[in-house]
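In listed order, ligands and their atoms are each counted from 1.
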Amino acid sequence: MTRAAHDRMANAIRALAMDAVEQAKSGHPGLPMGAADIATVLFTKVLKFDPSEPKWPDRDRFVLSAGHGSMLLYAVLHLVGYEAVTLDEIKRFRQLGSLTPGHPENFVTPGIETTTGPLGQGLGNAVGMAIAERHLAAEFGDVVNHSTYVLASDGDLMEGISQEAIALAGHLKLNKLVVLFDDNGISIDGPLSLADSVDQVKRFEAAGWNASRIDGHDPDAIAAAIEKAKSSDKPTMIACKTTIGYGAPTKAGKSSSHGSPLGADEIKGAREKLGWSEAPFQIPADVLTQWRAAGQRSQGARKDWEKRLTALPADKRADFERRMRGDLPGTLNAAIRTLKENLATTPKEIATRVACEQALESIIPAVPEMVGGSADLTGSNNTRTKSMKAMSAQDYSGRFIHYGVREHGMAAAMNGMALHGGIIPYSGTFLVFSDYCRPSIRLAALMGERVIHVMTHDSIGLGEDGPTHQPVEHLAALRSIPNLNVFRPCDAVETVECWQLALEAKDRPSVLALTRQNLPQLRRARDERNLCVAGAYEISPAQDKAQVSIFATGSEVSTAVEAQKLLAAKGVAARVVSVPCFELFLAQPEEVRRSVTGDAPVKIAVEAAVRMGWDAIIGSDGAFVGMTSFGASAPYKELYKHFGITPEGVAEAALSRLGKK
Ligand SMILES: Cc1ncc(C[n+]2csc(CCOP(=O)(O)OP(=O)(O)O)c2C)c(N)n1
Ligand SMILES: [Mg+2]
């Protein structure tokens, strides 16, 4: 391709970005104009993709980590021929119901691999995608053989999460991961020198990457640097020196081109400077033809891939296709049944984190797509089963990832693995550190991705580590995220059932909040049904017509059952409802909710956490036994007494509500 032809193709991106942002009266023209040359090289020379098959499993992944540059993606997707991304959709940039929302949303627009906007997340996702690729290649061979490209901005690299992501990628030698850094030296406040003086090349090198600097407006230099990355045994970062708002006569190179429409005069000047005489949203036929031809480049590669897929042994192919569809294997149900049968035969008084490990011993072999991990708390989270090999740069087939002390990077990488497909990632950390994962959990919920966070040490019940480690507000904070299931099982049986529900929730993430301390097994009866499925159920009925309903989760369900006995001794009939999952319960039809909630005059909730959220179940006039402050450092039984979360405390609350005290 001649330089002139390249320039015209890149200018088509610039023009569409300027025009769409102008029409929407909002958006970010600077990045698409500055990075248009990089995108043009990527999509016309490098990327393996097929616009007619956006979900082709072996496509290269392209992640625009700097999601504010969404018009870059929309322009390119339109130009290369993603049918749904029409010129009309580009004209409807940022409007309700369009395929071109403000920031890229993978669940809205075909061809978009992940939802970005919160800086740094896309880079973290891309690391997960690259891990998924290596892991699946180790399992399925050459039907999985693709690269992951990221366009990252100054902001992406300033965010702390980027350090976790690049350290993990460097350690795992993810050599098919290429980061193109839009090195424009500008962020919103102005020149980067206001706030940053990191040498990004040295930083990536220190993390085990190749890194180099090139002119990000020189297509040959871009192509050559990417070509070089292909033969490396390390991930590659290419710092592409660019001019933000390239082509804009007065705003180029300035933060004024970052995030607002350029204005009619500036756009007119840019058209002149770029030699682009077309009317708004007009793409000359020759330029469109070239772009569409670029969109057809990988037809042959796709046919070859289909041959490789057909050549797989039938069972292996079926398993690959099942995993990429996200369907669970038939073997899961049998594993769950056996686990519950064994617990009915031999009840266990164990912590739910231990129950989780014992459940995983059966679930992991039954569900080969599960890839677990922990952020350096493997022995505490109990997320690694005996047979699990660690994943390493020498052996990507391992199904357990030592994420290091990188909760945020872990959660973002898990999103990337789920997005890649073929893997159900699960993690481990302490519940209190859900705050360190929260931005990625939120995005998993928004995207509807099945990632499962095992979060142990879920209350003051962890004891001596004290208030820094004792979650108090975390359950409420997690429950406030839409489309996230927060499970808090009360014993070994509920732990198995909650695992089953988390795995079956194909379109949402889950958190399993588990205890450090031992709990009695309350569920003794054989029951093949999953009683947690409706989110709440009566676990211990009243002996008589109930005067009190006690609602509890996790470790406090056994406290509630003890309180029930104390009340019975005083002639007060109480029932206990276990609430392993608010979200599933609140989604039940009203009559189901009513029957579980019951009509006892006194409602009490018990949870070693703050009250927020419980009013939906017990009403604002219900009584709550839980935490109103941070915890403290002491043996856990003393803490429960100190904070009044005891059977006696619950019984007293009930009696006082009944006017009996
Ligand atoms: C986590 C997060 N913090 C803040 C923002 C708001 N924001 C959007 S872009 C940006 C920085 C812009 O600089 P850069 O990343 O270099 O992008 P460029 O202006 O070069 O396109 C900021 C602070 C964000 N999107 N995400
Ligand atoms: Mg910048």
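Among the backbone and side-chain atoms of Asn184, an N/O/S atom is found under 2.8 Å from the Mg ion (ligand 2). For Asp182, every N, O or S atom stays at 2.8 Å or more from the Mg ion (ligand 2). Among the backbone and side-chain atoms of Gly155, none of the N, O or S atoms lies under 2.8 Å from the Mg ion (ligand 2).
At the top of the distance list for atom 15 (O) of ligand 1, counting protein heavy atoms only, stands Ser153 OG, 2.6 Å. Residue, atom and distance of the protein heavy atom nearest to atom 20 (O) of ligand 1 are Asn184 ND2, 2.6 Å. In terms of protein heavy-atom proximity, atom 26 (N) of ligand 1 is nearest to Leu119 N, 3.1 Å. For atom 17 (O) of ligand 1, the nearest protein heavy atom (residue, atom name, distance) is His68 NE2, 3.1 Å.
Summarising the local packing, CZ of Phe107 is surrounded by more than 12 heavy atoms from other residues, nucleotides or ligands at distances under 6.0 Å. Counting non-hydrogen atoms of neighbouring residues, nucleotides and ligands closer than 6.0 angstrom, the NZ atom of Lys230 exceeds 12 such neighbours. Counting non-hydrogen atoms of other residues, nucleotides and ligands closer than 6.0 Å to NZ of Lys173 gives a total of 12 or fewer.
Taking only nitrogen or oxygen atoms, main chain and side chain alike, Leu31 does not reach within less than 3.5 Å of ligand 1. Taking only nitrogen or oxygen atoms, main chain and side chain alike, His258 reaches within less than 3.5 Å of ligand 1. The shortest N/O to N/O separation between Gly155 and ligand 1 falls below 3.5 Å. The shortest N or O to N or O distance between Gly117 and ligand 1 is below 3.5 Å. Ligand 1 has an N or O atom lying under 3.5 Å from an N or O atom of Asp154, backbone or side chain.
For the pair Arg59 and Phe49, the cation-pi criterion (under 6.0 Å, within 45° of the ring axis) is not fulfilled.
Only side-chain heavy atoms of Glu159 come within less than 4.0 Å of ligand 1; its backbone N, CA, C and O stay farther off. The proximity of Ile244 to ligand 1, defined as any non-hydrogen pair under 4.0 Å, is limited to the side chain. Looking at Ser187 against ligand 1, both its backbone and its side chain come within 4.0 Å, counting heavy atoms.
Using modelled atom types and a 3.5 Å distance limit, the side chains of Asp60 and His146 yield no donor-acceptor pair.
With ring centers used as reference points, His408 lies 6.0 Å or more from Tyr436. Under the 6.0 Å cut-off for aromatic ring centres, His453 and Tyr426 do not qualify, their centroids lying 6.0 Å or more apart. Under the 6.0 Å cut-off for aromatic ring centres, Phe62 and Phe43 qualify, their centroids lying closer than that.
Put simply, part of Pro118 is less than 4.0 Å from ligand 1, judged by heavy atoms.
With respect to the salt-bridge test (charged N to carboxylate O, under 4.0 angstrom), the residues Arg92 and Glu89 qualify.
A distance-only check finds a donor-acceptor pair linking the side chain of Asp218 to the backbone of Ala221 [under 3.5 Å]. Side chain of Thr109 to backbone of Asn106: no donor-acceptor contact under 3.5 angstrom is found.
Proximity annotation for atom 8 (C) of ligand 1: of Leu157, Asp183, Ile188, Asp156, Ile188 comes nearest, heavy atoms only.
For Asp154, the N/O/S atom at the shortest distance from the Mg ion (ligand 2) is named OD2.
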